[in-house]
Amino acid sequence: YPEGSSLPEPAAAPAPGRRPRVALLRGCVQDALFAHVNRATREVLEAAGCDVIDVPGKQCCGALHAHSGELDHALHLARANTDAFLAAEPDIIVVNAAGCGAMMKEYGEQLARDPSHSTKAHDLAAKVRDISEYLMEIDFRPTGTVNMRVTYDAPCHLQHAQRVTVAPIALLERVPGLELIALERADECCGGAGIYGITHPDIGGRILNDKLDAIATTGADVVLTPNPGCMMQIGGGLALRGATARVMHPIEILARSVRK
């Protein structure tokens with residue numbers, strides 16, 4: 001595990017006899033291009049004993065707007081999401097896209113000077129968890145065997161922004177039959193970096209090539225990375241190289257395990 005990292009503290013248990021109410025951010029890119037990841041996330045949460053609740057009025061998290069300099073609109077979305085998610089009264093808000101999670105965890109700071117939303121945004125941010133964080137907090141243990149050779153690449157927005165480093169790996173190590181191969185310099189960027197890979201394709205492409213070279217040395221059949229931008233960047237690079245390895249979200253592995 002990365003130096004100085006640790007597992008999250010256990011989450012406070014709900015009242016006896018009550019299942020945790022979990023709100024899932026479906027996202028924009030995630031829901032449009034990787035809807036199967038959202039379905040897998042819901043499946044695993046339900047297998048873990050959670051009630052996954054809908055959130056009427058939820059919006060884009062605002063991350064891509066912030067990355068492109070549209071800060072006013074990003075704050076508008078932060079206010080709308082704060083109101084919508086808190087109105088649904090979840091115990092926890094789970095996010096399966098690293099960039100979205102990093103954005104929502106910063107709502108309290110972003111709206112700190114907004115008298116109508118500063119306190120509410122702080123309350124919301126305190127409820128936000130990456131899916132791996134939350135599953136480790138509730139000590140989720142997959143039991144079904146998944147015989148695959150995989151490697152894990154850490155999205156920058158998960159490792160460096162959210163400081164979530166151990167939970168994704170620890171969860172994968174709990175899957176029976178899964179062979180997890182260490183990826184050299186897994187903590188380095190894949191070149192996607194939000195919208196950077198689109199706005200700076202030359203530099204992003206050079207960074208990507210280093211990542212693809214590292215992946216090739218593992219001999220893994222699947223690269224696991226929990227962020228849609230990274231999945232597109234790495235997946236596109238593998239396809240252009242004609243590689244046989246494919247990209248998946250780690251939650252897809254856990255979903256396969258709970259089905260067995």
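Keep in mind the model is a prediction, meaning the values are calculated, not measured. Index from 1, following the sequence.
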Given side chains that start at C-beta, do those of [X] and [Y] come closer than 4.5 Å, heavy atoms only?
X	Y	value
E252	V37	yes
S132	V164	yes
V52	V94	no
I207	D210	no
R246	V223	no
L224	H249	no
F34	M232	yes
H65	M103	no

Any donor and acceptor pair, going by atom type alone, linking the side chain of [X] with main-chain N or O of [Y] inside 3.5 Å?
X	Y	result
R129	A126	yes
K211	R185	yes
Q233	M231	no
T151	A220	no
N227	G99	yes
K260	T143	no
Y134	V22	no
D51	R21	no

**Message:** Considering only residues two or more places apart or on different chains, which pairs with a residue in residues 213-226 satisfy side-chain hydrogen bond (donor to acceptor under 3.5 Å, both in side chains)?
**Reply:** D213-R241
**Asked** Can you check side-chain contact (heavy atoms from CB on, under 4.5 Å) on L180 and Y152, steps first, answer last?
**Response** CA-CA 8 Å; L180 179 60; Y152 172 80; 4.3 Å; yes
Roughly how far, to the nearest 0.5 Å, is the [atom2] atom of [Y] from the [atom1] atom of [X]?
X	Y	atom1	atom2	value
C50	R42	SG	CZ	11.5 Å
N38	D31	CG	CG	5.0 Å
L64	C100	CG	SG	7.5 Å
T41	L24	OG1	CG	6.0 Å
R174	I169	CZ	CD1	13.5 Å
T119	L124	OG1	CG	12.5 Å

Pairing of [X] and [Y] as salt bridge, 4.0 angstrom limit:
X	Y	result
D139	R141	yes
R18	D91	yes
R256	E43	no

**Request:** Would you please test K105 and E133 for salt bridge (Lys or Arg N to Asp or Glu O under 4.0 Å) and show each step?
**Result:** CA-CA 13 Å; K105 286 181 177 181; E133 276 185 292; 2.7 Å; yes
Single-linkage hydrophobic cluster, 4.5 Å side-chain cutoff, [X] and [Y] together:
X	Y	value
L77	F85	no
V128	I53	no
I93	I131	no

Between [X] and [Y], which heavy-atom pair has the shortest distance, and what is it?
X	Y	result
H157	A102	O-CB, 3.8 Å
M104	C61	CG-CB, 4.1 Å
P250	L172	CB-CD2, 4.3 Å
G177	T145	CA-CG2, 4.0 Å
A112	S118	O-CB, 3.5 Å
I234	L208	CA-CD1, 4.1 Å

**Item:** Among V44, N96, L171, the one residue meeting side chain to side chain contact (heavy atoms under 4.5 Å, CB included) with I251
**Value:** V44
**Item:** Side-chain H-bond candidate by donor/acceptor type, D130 with Q162, under 3.5 Å
**Value:** no
**Item:** Step-by-step side-chain hydrogen bond (donor to acceptor under 3.5 Å, both in side chains) determination, D83 to H117
**Value:** CA-CA 9 Å; D83 292 338; H117 282 79; 3.1 Å; yes
**Asked** Who passes salt bridge (Lys or Arg N to Asp or Glu O under 4.0 Å) against D72, sequence neighbours left out?
**Response** none
